[in-house]
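Only one structure is covered here, and it is reproduced in the block below.
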Amino acid sequence: MRHTISVLVENKFGVLSRISGLFSGRGYNIESLSVGETIDPKVSVMTIVTSGDDWIVEQITKQLNKLIDVIKVVDMTELDHVEREMVMIKVSPRQEDKAEVLRLAEIFRGRIVDSSSKAYTIEVTGEEKKIAAFVELLRPMGIKEFVRTGKIAIAREGIKKS
Amino acid sequence: MKITGSEILIESLKKEGIKHMFGYPGGVVLNIFDLLHDEKELQLILTRHEQGAVHAADGYARATGKAGVALVTSGPGATNTVTGIATAAMDSIPLVVISGQVPTMLIGNDAFQEADIVGITRPCTKYNFLVKDVEDLARTIKEAFHIANTGRPGPVLIDLPKDVTTSKAEFHWPDSVKIRSYNPTYEGNKYMITQAAHMIAKAKKPLIIAGGGVISSGAAEELTELAEITQVPVTMTLMGLGGFPGTHKLSLGMLGMHGTYYANRSVQDSDLLIAIGMRFDDRVTGKIDAFAPNAKIIHIDIDPTSIRKNVRVDVPIVGDVKRVLTVMNKVIRDEVKEPWEEMRKAWARQIAAWKKERPMTYDHEADIIKPQYVVEKIYELTKGDAIIATEVGQNQMWAAQFYQYDKPRTWLSSGGLGTMGYGFPAAIGAQLAFPNRLVIDIAGDGSIQMNIQELATAVINKLPVKVAILNNRFLGMVRQWQELFYQERYSHTKLDETVPDFVKIAEAYNAVGLRAAKKSEVVPVLKEAFSIKRPVFMDFVIDWQEKVYPMVPAGAAIDHMLFPEEKKKPEKKLRAVK
Ligand SMILES: Cc1ncc(C[n+]2csc(CCOP(=O)(O)OP(=O)(O)O)c2C)c(N)n1
Ligand SMILES: [Mg+2]
C-alpha cells in the first residue's frame, strides 16, 4: 500500500542524503519526495511517498525516527489529511486543438503560465487523481514537457481516523 | 582567551575524560599532533595502520564500556578507518573517530588527500559531523560523545578541516547537551513489562536469549537475577557472551549457526522467548519461517527498529535493558509468586536430556593438536579470568564454544560484520585499558595477517598481548564450507607453504614467538607465554581438517544441525539431526 510520510528534519546540510541513503541502503522505494523549509528556517519538512506492506512501512517510520536529524515522523495515511501536487505541462497542440487545450485547462482550473505561437505551459494543482485525469486528456494534444513537484501533505485539524 | 581549534580539541577530549586515543599522523592533522608532543594527560598510541587504530579504540571501548577514540589524517587515513567504523556500527560499539580534512576552502576541489569521508561513512556511523567553524568545535565534540555513548551506542565521526584546527575561538565546554531530535527511550512501558512478567509465569518452556545489549547496558546482574528467580534457562548470541555466566547451571551457551545442540533445540521447542538486547540476526535465527514455531516472543531492546524487523513479536518493550529488567524483576518479586523450581521441572529435565544427548565436545583422544583443546586449555590455565579477543572464522567459533565467559566485557569479537583482522588490534586496545590483565587474541593464520603490523604497536608500548594462532594453513571457515557444500574444491583457501613463520615474525618485531607442533607442547607453550610480560605469538599447528560443529547450513532451520560423523561409520556423509 502507498503511504505519504511527512518528516520534520533539522535544516542541516547532508540531511537529504541521510534520508535518501536510508531508503536506498535498505531497499525501500521512494515514489516522490519534496523538501522545503517550514516557518522555522531551521526546520525543513519532507513529504515522502513510498509503498510497501504494513511491516515495511513500520520499519521505514522507525528507521526515519532513528535518524539523529529527524525531529518528527507522521504517516499521513493514518490521518485525515489533504494532499496536493503541482505540475507544469508544456503542450504544443495543432491549430485545431488549441481551443480544446484552453478549455481543458479551464475545467481543471489550470493556469496558462507561458504561451508562444507553438506552445502553452499550463500549471495545475490538485490531488493525484485530478492530475492524472488532466494528463490523460492532454496526452493526445502533444505533451512536450512535464514537470511535477512531488506530493505535499498536511493533516486536517482535529480529526483522527480510527 | 582565544585558543586554536587544535587546542580546543585536546581540551575537549580531556574534559570528556579521555586518557588514551589511537591514531596515525598526516599533513592536515599536523597541528593537533604537534600539541600531542608535549601532552601529558592525553596519550596517543601510534598504530601501524588506521584500521588498527579504529579496532584498538573499539577493543578499548568493548573492554571498558566507554567510547574509544581514534585520530587520523584526511584522504587515505580517513578511508582506512571505514572497516573499523563499520565493525563498530554493526556491533553497537561507541567510538569517536576524528579525521583531518583539507581546508574548508578546498573541500570539493579534489584537493590533495581529500576524501568525502562524511559521505563515505554516512551509512556506517551513528552520526557524523563536518566542522566548518571553530566556534562550533567544542559543542560538536560534546555532542559526538553524547551520541556515541547513549541510546543504542555506535561510532561517530568528526571531520575536521585543517583551517578549523588553526583558527581561534574562546573555549566553552558545555556542561550538557540537548539534541531535540535525539531522545532515546530508556524506560520501558510498565504495562508491557507487567504483561511480560505474567507471561513468564504462565510459560511452560520459557527461554531467555541474551544479546550484546545486555552488556552495553550493564545489565548482567539484572539478567542473572531474572533467570534465577524465574528459573528460566539462558542462551546467548555471539555478542551476548559474558552477559550471563557461561558456567551457570541455567546457561545453554551460544545459539545459532554454531550454537549448542541444546540451545537450538530449546529455541525450537520453547513456548516463550524472552529476547533481551538482541536483534534476531540471520546467524541466530536460521531459516526465519521455521524459527521458534511454538513460541510467543517478548522483545526488549533500546532500538525500536530492532523490534519486528526480522521476527514477529508479541510483547515489544522499547527501553534500556538494565532499567527494563530492574522493573521486571520487581514486578515479578512483588506480584508474581510462583513455585518456580517446581514449575520448571519438566522443561529443565528436557534440556538436561538434550545436554546429555549431544554435549559440546570434540575428539579428546587425537594425537594431533585439536583447536578446541587449545581453547579449552587457555580457559583452564586462565581460570576464565582473561579478556579474550578473536579474529574471524573457525578460530572465533571455537573461542566462543570452548571458553566459558562468566563476566561481561571479557569477550571482544566482531559479530555483525565478521571482520578478519579485528582481534589483534582490539586486544591491544583492551590491554592498554587493563595493563595488568591477561589479554589474549585467539586468531587464525589468515586473519592475523590482516593486521599483523600492529605487533610493532604492542612491542613499543609494552602491551603484553598474547596471540594464540590456531594455524590450520587454511582460510579454515571458508574451507569448511567448500568441504561440505562445494565438493572439497578448495578454491583459494589453501595458504599452506605461504603461511609465514610466525615465530620468526614475532622475533623480527622484537616480540616473543613460541610454537607447539605436538599436543604435549600446548600446555607448556601456554604457560610460558602467560608468564612472559611481553607480547607473544603462539603458533599452534593444528589439525587442518577440523571443522566447527554443530553447524546449521545457511538457510536451514536452526534445529537442522550437522554433526561430525561418528568414527565407526565408514561413509563420509554428514547426518542432519532434527
Ligand atoms: C576482511 C574479511 N575478508 C574475508 C572474510 C571472509 N572469511 C570469513 S572466515 C575466513 C577465513 C579465515 O581464515 P583464518 O583467519 O585462518 O581462520 P580459520 O577459519 O582458519 O580459523 C574468511 C576469508 C572476512 N570475514 N573478513
Ligand atoms: Mg586458518
Side-chain angles (χ1 to χ4, degrees), chain A residues 1 3 5-30 33 35-48 50 52-75 77-78, chain B residues 86 89-90 92 104 107-108 116-133 136 140 143-144 146-148 150-159 177-185 279-280 288 299 301-313 316 318:
Chain A
M1 194 183 128
H3 286 250
I5 299 172
S6 183
V7 191
L8 276 188
V9 298
E10 296 288 352
N11 190 3
K12 288 189 192 160
F13 99 116
V15 173
L16 179 58
S17 148
R18 284 180 205 280
I19 305 247
S20 60
L22 170 74
F23 278 77
S24 61
R26 293 185 183 269
Y28 309 141
N29 73 323
I30 299 183
L33 183 151
V35 200
E37 263 179 23
T38 61
I39 295 297
D40 176 355
K42 287 197 191 121
V43 177
S44 293
V45 63
M46 295 191 184
T47 310
I48 302 171
T50 182
D53 54 27
D54 290 353
W55 171 78
I56 289 179
V57 174
E58 178 184 331
Q59 265 301 311
I60 291 175
T61 31
K62 284 182 181 174
Q63 293 285 357
L64 284 168
N65 261 311
K66 185 170 151 181
L67 292 179
I68 309 274
D69 289 325
V70 169
I71 302 165
K72 195 174 170 197
V73 180
V74 181
D75 185 352
T77 320
E78 289 174 356
Chain B
M90 285 291 260
S92 311
T104 37
I107 290 178
D116 174 14
I117 197 64
V118 169
I120 290 170
T121 60
R122 203 169 275 135
C124 63
T125 48
K126 183 169 172 187
Y127 197 65
N128 59 18
F129 298 89
L130 169 64
V131 184
K132 286 182 169 165
D133 185 343
D136 299 334
T140 302
E143 286 184 3
H146 175 65
I147 292 171
T150 56
R152 177 175 174 178
V156 175
L157 177 130
I158 304 173
D159 203 21
V177 273
K178 175 104 189 71
I179 303 169
R180 69 169 154 181
S181 53
Y182 174 67
N183 300 295
T185 307
R279 58 185 174 83
F280 293 99
I288 202 94
H299 192 175
D301 202 284
I302 195 154
D303 180 359
T305 68
S306 288
I307 294 175
R308 274 206 287 264
K309 181 170 65 181
N310 299 333
V311 298
R312 74 213 136 70
V313 170
V318 177

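All chains are named by letter (A, B, ...) in the order of the sequence lines, taking the proteins before the strands, and each is independently numbered beginning at 1.
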### Query
Are the side chain of B/Lys126 and the backbone N or O of B/Arg152 linked by a donor-acceptor pair below 3.5 Å?
yes

### Task
Sort A/Gln63 into side chain, backbone, both or neither according to what part of it lies under 4.5 angstrom from a heavy atom of chain B.
both

### Task
Pick one of side chain, backbone, both or neither for B/Ile147, based on which atoms fall under 4.5 Å of a heavy atom in chain A.
side chain

### Query
Going from CG on B/Asn128 to CG on B/Asp159, what distance comes out if it is rounded to the nearest 0.5 angstrom?
8.0 Å

### Task
Select all residues of residues 40-48 of chain A having any heavy atom within less than 4.5 Å of some heavy atom of chain B, and report them by number, or 'none'.
A/Asp40, A/Lys42, A/Val43

### Query
Pick one: which of A/Val35, A/Ile30, A/Val9 meets side-chain contact (heavy atoms from CB on, under 4.5 Å) with A/Ile19?
A/Val9

### Task
Using heavy atoms and a sub-4.5 Å threshold, report which of residues 66-74 of chain A line up against chain B, by residue number.
A/Lys66, A/Leu67, A/Ile68, A/Asp69, A/Val70, A/Ile71

### Task
Heavy-atom distances under 4.5 Å only: say whether B/Asn183 touches chain A with side chain, backbone, both or neither.
neither

### Query
Looking at side-chain heavy atoms only, is the closest gap between B/Phe129 and B/Asp136 below 4.5 Å?
no

### Query
CG of A/Asp53: more than 12 outside heavy atoms within 6.0 angstrom?
yes

### Query
Can you tell me if A/Trp55 uses its side chain to pair, donor with acceptor, with the backbone of B/Arg308 under 3.5 Å?
yes

### Query
Is the side chain of B/Lys309 donor-acceptor paired with the backbone N or O of B/Phe280 at a distance under 3.5 Å, no angle test?
no

### Query
Which region of B/Pro123, side chain (C-beta onward) or backbone (N, CA, C, O), has a non-hydrogen atom less than 4.5 Å from a non-hydrogen atom of chain A, or is it both or neither?
neither

### Query
Is there side-chain contact between B/Val156 and B/Glu143, with at least one heavy-atom pair below 4.5 Å?
no

